[in-house]
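To start, the structure itself, in structure tokens.
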Amino acid sequence: MPVHNSEIAAIFSQIADLLEIEGANAFRVRAYRKAARTIRGYPRSMGDLLEEDRDLTQLSGIGNDLADKIREIVETGDLAQLEKIEQRTPAGLAKMLEIKGLGPRKVQRLHSDLGITSLDQLREAAESGQVRELDGFGAKSEQNILKELERENPHAGRTQLSVAEETVLPLVNYFKDIEGVEQVEVAGSYRRRKETVGDLDVLAISEARGDTIQRFTEYEDVVEVISRGETRSTAIFRSGLQVDLRVVHRENYGAALFYFTGSRDHNLAIRRLALGQGLKLNEYGVFQDEECIAGETERDIYALFDLPFIPPELREAQGELAAAREGRLPDLVTLDDIRGDLQMHTTDSDGDATLKEMAQGVRERGYEYMAITDHSPHVAVTQGLDAAGLNRQIDEIERLNDEMEGITILKSIEVDILEDGSLDLPDDILERLDLTVCSVHSHFDLPREKQTERIIRAMDNPHFTILAHPTGRMIGKRPPYEIDLEQIMQAALERGCFLEINADPSRLDLNDVQARMARDMGLILAIDTDAHSVPGLAYMRFGIDQARRGWLEAGDVLNTRSLSDLRSLLQR
DNA sequence: GCCGTTTTCGGCCCGACTGTTTTCAGTCG
């Protein structure tokens, strides 16, 4: 059973938590956390890298020590060091860190003074009033612990970007109407357009800071105010999301925006540059001694270090600084570059709108072309099209193409890749199509090698065009199936096939890291909405976000091509 | 535990807010 990167990362995170509770060197703790982040976000499995005899110390934050530990976990599924630590410091203590207000020092005190090792014991101690007697604790912190234990993990997990938008866009509008508020922007991972956000960081320029904070805490969606100071406030919203507001002066706005956009690692890298030049960088600006020498715009800050503006989507400490320094930042794809949408459904299978309604919807978005991709019969619940149904649809598309101006409808199908790698419809009907979008909707649990072979065998079919939602993952709901993506991408390159970034915000598949891997290999990706309704066509922008996070330029995207260029690329 | 245009040793980000204090430690982002 191969060990997943996420499992290795979880072991390192656990070690970091327990070491921190023990009071270990904070930088050692940080090293484990950084390694966990690197491994969790790495596109290929550590096991594969080791099998290829690759040097793991090339990875950011991995030295000889941690490389050995990764090897041990891959080979044995476990790490002896962790078991040793857990003998001293019970694993349950790490769980207590998840309670807001409890950090390593307080958890350590609960353990050493009261012998608490689990959340249940913590609850008992708090209920019996023992906690308030401890040094550094009081009645309020005891109350807080009980309250946090009552919550059913409202903060646990991350929220889909599209869902977070529903909370934050009305808030931004609310601020725009408040007198004295000059500007409002959402920073954090939201601005970096990460597929999920933990909390929301809202930044406002106002000279009436106290008043702005006050209005924030009165906002109709706020159910609980966690903190309220002179420059910032934190509140829980009805959706369960935590929103942090910072109110700053105009002259500090760029520094604050930079600081709160992150990522943390990107900020640290820039801060190191500052330190190297004898400067200090904080959320108020860049300081030479006491004098602020930049801070009003982000551009000013980057310029101070001879760097161009780095788009937020790239600020993940994944080589963007080196690229910026060497003048090879990508010219990222934008929504305006998109000329068509190559996956969508109609009432002929499981869509809500008719073919004509979808065509009108696409035309209104200003695209030149679109592909209709209803399901094939194998996905029985969607009432997919059999050969006869598809033939009828093809005729209708031809009629519509004659009738409608300003849009070209391409004939296509989302055809199932069956367990043995064959496609769900016969070649003589696939031949009539302009392209196919091929996907896995069954047998998700095949072993990795089998699943990979299945998909590559499907690509051997000359009618195979685009591999749709290549990993099958649903954000927060379903993990990706086991495949060797690099091998699949290589196979696609060799056969003139394409992979998709599915723009549905609950899929976003390929993800950012995988999209970048494709780009690095020279593979062209399609960004498709997979819309099942006319409003669903608007999902394109989430796909663009993900593509930008994957460093894609317009040339890396299939559906930025003109129709005639597209047609020639579709010839295998 | 990592890392190196200042370093193979000695650095490793820093300010706001809360609660428990009586001048500050701990937590958070």
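When reading the values below, keep in mind they use all heavy atoms of this one structure, side chains included, and skip hydrogens, waters and symmetry mates. Order of the sequence lines sets the chain letters (A, B, ...), proteins ahead of strands, with each chain counted from 1.
- Applying the salt bridge (charged side-chain N to carboxylate O under 4.0 Å, His left out) test to every pair with at least one member in residues 255-267 of chain A, sequence neighbours left out, gives these pairs: A:R37-A:D265.
- Side-chain nitrogen and oxygen atoms of A:R228 include none within less than 4.0 Å of the OP1 or OP2 phosphate oxygen of B:dA16.
- The side chain of A:Y284 contributes no N or O atom lying less than 4.0 Å from OP1 or OP2 of B:dC13.
- The distance between atom CD of A:Q58 and atom C1' of B:dC2, rounded to the nearest whole Å, is 14 Å.
- Between A:T57 and B:dC3 there is no side-chain polar atom (N or O) within less than 4.0 angstrom of OP1 or OP2.
- Counting to the nearest Å, the P atom of B:dG1 and the CG atom of A:D68 are 11 Å from each other.
- Nucleotides B:dC2 and B:dT6 place their P atoms 23 Å apart, quoted to the nearest Å.
- On the C1' atoms, B:dC12 is 13 Å away from B:dT7, given to the nearest whole Å.
- If you take atom C1' in B:dG4 and the same atom in B:dT8, they sit 8 Å apart, rounded to whole Å.
- Atom CD in A:E224 sits about 13 Å away from atom P in B:dT18, given to the nearest Å.
- Whole-Å rounding puts the A:E148 CD to B:dT18 P distance at 15 Å.
- None of A:Q514, A:E195, A:R193 except one satisfies the side-chain hydrogen bond (donor to acceptor under 3.5 Å, both in side chains) rule with A:Q546; the exception is A:E195.
- Put simply, CG on A:L66 is 13 Å from C1' on B:dC3, counting in whole angstrom units.
- Residue contacts shown for A:K280 are limited to sugar-phosphate atoms, with no base heavy atom under 4.0 Å away.
- Ion pair A:E148/A:R123 not flagged as a salt bridge, since none of the NZ, NE, NH1 or NH2 atoms sits closer than 4.0 Å to an Asp/Glu carboxylate oxygen.
- Rounded to whole Å, atom C1' of B:dG1 lies 14 Å from atom CG of A:L79.
- The A:F27 side chain lies nearest to B:dG1 when the options are B:dC14, B:dG1, B:dT18.
- Nucleotides B:dC13 and B:dC28 have their C1' atoms positioned 14 Å apart, rounded to a whole Å.
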> How would nucleotides 19-29 of chain B be written as a contact map, 5' to 3', with B for base contact, S for sugar-phosphate-only contact and - for no contact, using protein heavy atoms under 4.0 Å?
Replying inline: SSS----SSSB
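- In this structure, A:R246 forms a cation-pi arrangement with A:F260, its terminal cationic atom sitting closer than 6.0 Å to the ring centre and no more than 45° off the ring axis.
- For A:D520, the CG atom sits in a packed shell: over 12 heavy atoms of surrounding residues, nucleotides or ligands are nearer than 6.0 Å.
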> Can you check ring pair (Phe, Tyr, Trp, His ring centres under 6.0 Å) on A:Y219 and A:F175, steps first, answer last?
Replying inline: CA-CA 10 Å; A:Y219 180 62; A:F175 272 122; 7.6 Å; no
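- Distances shorter than 4.0 Å separate some side-chain N or O of A:N282 from OP1 or OP2 on B:dG15.
- Of the C1' atoms belonging to B:dG1 and B:dT5, the separation is 23 Å, rounded to the nearest Å.
- Going from the P atom of B:dC17 to that of B:dT23 covers 23 Å, rounded to whole Å.
- Look at A:R473 and A:D509 and you find no salt bridge, because none of the NZ, NE, NH1 or NH2 atoms lies under 4.0 Å from a carboxylate O.
- Salt bridge present: A:K69 and A:D65 bring a charged side-chain N and a carboxylate O closer than 4.0 Å.
- Here B:dC3 sits opposite B:dG10 as a Watson-Crick or G-U wobble pair (both hydrogen-bonding atom distances under 3.5 Å).
- Regarding A:E230, its CD atom lies at a distance of 10 Å from the C1' atom of B:dA16, rounded to whole Å.
- Spacing between B:dT20 and B:dA25 at atom C1', rounded to whole Å, works out to 9 Å.
- Spacing of C1' atoms, B:dT21 relative to B:dG26, comes out at 12 Å, to the nearest Å.
- Close to B:dG1, at under 4.0 Å from its OP1 or OP2, lies a side-chain N or O of A:R28.
- If A:S227 and A:V29 are placed on DNA chain B by their nearest nucleotide, the residue sitting closer to the 5' end is A:V29.
- One can place CG of A:L268 at 14 Å from P of B:dG15, the figure rounded to the nearest angstrom.
- Within a 6.0 Å radius of CZ in A:R271, more than 12 heavy atoms belonging to other residues, nucleotides or ligands are found.
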